[in-house]
Amino acid sequence: MSYLVLFGLSWAAFYLLIDTKRLQELYPSALLSSFMGIFTDLIMVKYNLWKYDSDFFGSLEVPMLLDLSIYPVVAMLYIQFFPEKKSWAKRIFYTACWVLFSISLEWIFLQRGEMEHHMWWRLWYSFGADWIIYGILYTMYRVLKSGMPQEQREEETPLHGRS
Amino acid sequence: MQIYLLSAIGLLTFWLFCDKSRWRELYPSAMFMTYVRFVEQYILVEILHVWTYDNLTNPFSSYMNTPVIVDLFFYSSMGYLFVQKWPLRRPARLFYVVGWALLFTIDEYIAVLHGTIKFKAPWGVFESFMLFVTALVLLVIQYEFYSRKFKINRTTDPKTP
């Protein structure tokens, strides 16, 4: 049931916070996040480093639910509110907040028994992986943005939600 | 063998025929094509078992049940090329989608004949064809959405062909 709530909350956050005028710019980040999610899910079917458990869904259905909700929405929110014009320290602090949010969510699911780590995987590895994932998302966003038509770049309004 | 051949075709196609100067515009399409393949593999192979892969010999077969290098190299290049050559006229678009879907279906049928893919009833070649048509239509929809800004730029900038 928690995963269904998470699904609903993710899309509610999308509806309330995403700047729809920037959807085209944010779309590659959402796709990349979902892509990385489904890629690891395909590996985890056979190489069982972690597993989801739910009363409502089968253990294989839960990752699909996450790939189509929290992963793309969080990626879009992370990029939309990224403090690009601020100092490196503030950017790192901003990313650390998102990493903390992600790792806290994972910890809650572990505590509730709705997620299990297997073999050599630990929460600390997830913490490291989250930094890498957010790093990839931001790097790809920067690379794509540098070649976007000027008109689109001028329209961008960082640090602002839907107005 | 077919897995390596398809991966090599994918890499060669990208190298020889894909317009690398448009990569920022077309990269999401390449990723989307592989993404759709991964979603299909996850839902249809891992959850519903409508087809299975036998004797997989790709380098990741000890970690994954699917021919991942084909999805990563072949389908991403094909998605890139498909969108790059997307026709302007409506009737041509229909034949274009059907033609590409047929090519993918033939490739899959060869894998069935070689015993790499085993369909489980009621899944068959027609269902595969319809799945490819759906994937290609979705690919076009996401491209039309994402590339709108690039198109506006091309039509308003006289220097850009």
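In the text below, chain A, chain B and the rest are named by the order of the sequence lines, each starting its count at 1. Note that the structure is predicted; figures quoted are calculated from it, not measured.
- No side-chain N or O of Glu25(B) forms a donor-acceptor pair with one of Tyr146(B) less than 3.5 Å apart.
- Phe82(A) and Tyr138(A) have parallel rings, their planes meeting at less than 30° on a 0 to 90° scale where 60° marks the start of perpendicular.
- Counting only heavy atoms from C-beta outward, the side chains of Trp100(B) and Leu81(B) approach each other to under 4.5 Å.
- Within residues 26-48 of chain B, the residues that have a heavy atom under 4.5 Å from a heavy atom of chain A are Tyr27(B), Pro28(B), Met31(B), Phe32(B), Thr34(B), Tyr35(B), Phe38(B), Val39(B), Gln41(B), Tyr42(B), Ile43(B), Glu46(B), Ile47(B), listed by number.
- More than 12 non-hydrogen atoms from other residues, nucleotides or ligands lie less than 6.0 angstrom from CH2 of Trp120(A).
- The contact between Phe35(A) and chain B is made by backbone and side chain atoms together, counting heavy-atom distances below 4.5 Å.
- Between Tyr80(B) and Phe14(B), the two ring planes are perpendicular [angle over 60°; tilted spans 30° to 60°].
- Side-chain contact, Tyr27(A) with Gln142(B): a donor N or O sits under 3.5 Å from an acceptor N or O.
- Heavy atoms of Met36(A) lying under 4.5 Å from chain B are absent altogether.
- Proximity to chain B is limited to the side chain of Leu68(A), based on heavy atoms less than 4.5 angstrom apart.
- Distance CG/Asp41(A) to CG/Asp67(A): 4.5 Å, rounded to 0.5 Å.
- Taking the six-membered ring for Trp and thresholds of 30 and 60 degrees, Trp51(B) and Trp123(B) have ring planes inclined between 30 and 60 degrees apart.
- Ranking Ile43(A), Leu31(A), Leu23(A) against chain B, the residue ahead of the rest is Leu31(A), based on heavy-atom pairs under 4.5 Å.
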